[in-house]
S.K.: 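Structure below; questions to follow.
Nothing here was measured: the structure is a model prediction, and the numbers come from that model. Residue numbers begin at 1 in each chain, while the letters A, B, ... track the order of the sequences. As a basis for the values below, the full set of heavy atoms in this structure was taken, side chains included, without hydrogen atoms, waters or symmetry mates.
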Amino acid sequence: DAGVTQSPTHLIKTRGQQVTLRCSPKSGHDTVSWYQQALGQGPQFIFQYYEEEERQRGNFPDRFSGHQFPNYSSELNVNALLLGDSALYLCASSLGTGEETQYFGPGTRLLVL
Amino acid sequence: ELKVEQNPLFLSMQEGKNYTIYCNYSTTSDRLYWYRQDPGKSLESLFVLLSNGAVKQEGRLMASLDTKARLSTLHITAAVHDLSATYFCAGINTGTASKLTFGTGTRLQVTL
């Protein structure tokens, strides 16, 4: 049973560029959440997708956007990259209403130069 | 808005010793999670605590929840080097979405 997968594992971009990160949820899960983890910090909630809709959003600017596909996979897009966007981006999947534990993927480490 | 605080932020302990990590949260949390993170790796789910007085144990780790005090603890018994990692607690308000709010993490280093 495949767990949560993310791609790419590492990414280097320059300021002002745009990036797309991808996530496939654990088999049987239909909800995907995205988190940003800066070095030495706890993960911060970006947003969550369920039934191809954004259900809730954390305190992140509109430069951060996402999408969920009919197969429940998801993308995180970040426009106009800033140095401060350098972080580990974690995708977590769960089932339905949120009462289930969220399972995290291996993450994508983004470095913005 | 839910806020979660952990202490200590860093813990160095010898093998064989016992210690406790504390997690305080500011408002009602529907449930409390503990995760482990190894350097450069993702988060591994350890425990989910659902109600007041809940206690869960796995090996040398035991987690408990006191909803009245808004406090969860992670107790380490007879630490071994393999437990070296960063431990996070996270609260959740389900509402319309299951947004996890994480503490700052406790970096545990177990020395020989």
S.K.: Looking at every heavy atom in both Tyr35(B) and Gln102(A), which two are closest together, and how far apart are they?
M.R.: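 Taking Tyr35(B) first and Gln102(A) second, the nearest heavy atoms are OH-O, 2.8 Å.
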S.K.: Within a radius of less than 6.0 Å around OH of Tyr22(B), do more than 12 heavy atoms belonging to other residues, nucleotides or ligands occur?
M.R.: no
S.K.: Any chain of hydrophobic side-chain contacts (each under 4.5 Å) joining Val4(A) to Leu46(B)?
M.R.: no
S.K.: Can you tell me how far apart CG (Leu100(B)) and OG (Ser94(A)) are? Round to the nearest 0.5 Å.
M.R.: 8.5 Å
S.K.: Please tell me if the side chains of Leu43(B) and Pro43(A) come closer than 4.5 Å, counting only heavy atoms from C-beta onward.
M.R.: yes
S.K.: Let me know if Gln44(A) has heavy atoms under 4.5 Å from chain B in its side chain, its backbone, both or neither.
M.R.: neither
S.K.: For Glu1(B) and Asn59(A), which heavy atoms make the closest approach, and how far apart are they?
M.R.: OE2-ND2, 4.4 Å
S.K.: Please look at Gln37(B) and chain A and tell me whether the side chain, the backbone, both or neither of the residue comes under 4.5 angstrom of a heavy atom of that chain.
M.R.: side chain
S.K.: Determine the minimum heavy-atom distance between Ser42(B) and Phe104(A), stating which atoms define it.
M.R.: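 Distance-wise, the nearest heavy atoms are OG-CB, 3.3 Å.
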S.K.: Is there a continuous path of hydrophobic side-chain contacts, each under 4.5 Å between heavy atoms, that joins Val110(B) to Ile76(B)?
M.R.: yes
S.K.: Quick check: are there more than 12 heavy atoms from other residues, nucleotides or ligands sitting under 6.0 Å from CZ of Arg15(A)?
M.R.: no
S.K.: Less than 4.5 Å to any heavy atom of chain B: does that hold for the side chain of Tyr35(A), its backbone, both, or neither?
M.R.: side chain
S.K.: For residues Val48(B) and Tyr25(B): do they belong to one hydrophobic cluster (side chain heavy atoms under 4.5 Å, members Ile, Leu, Val, Met, Phe, Trp, Tyr)?
M.R.: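 No, because Val48(B) and Tyr25(B) fall into different hydrophobic clusters, even though each may have its own neighbours under 4.5 Å.
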S.K.: With hydrophobic residues grouped by side-chain heavy-atom distances under 4.5 Å, do Tyr19(B) and Val80(B) end up in a single group?
M.R.: yes
S.K.: To the nearest 0.5 Å, what is the distance between CZ on Phe102(B) and CD on Gln37(A)?
M.R.: 8.0 Å
S.K.: Is it the case that atom CZ in Arg107(B) sees more than 12 heavy atoms from other parts of the structure closer than 6.0 Å?
M.R.: no
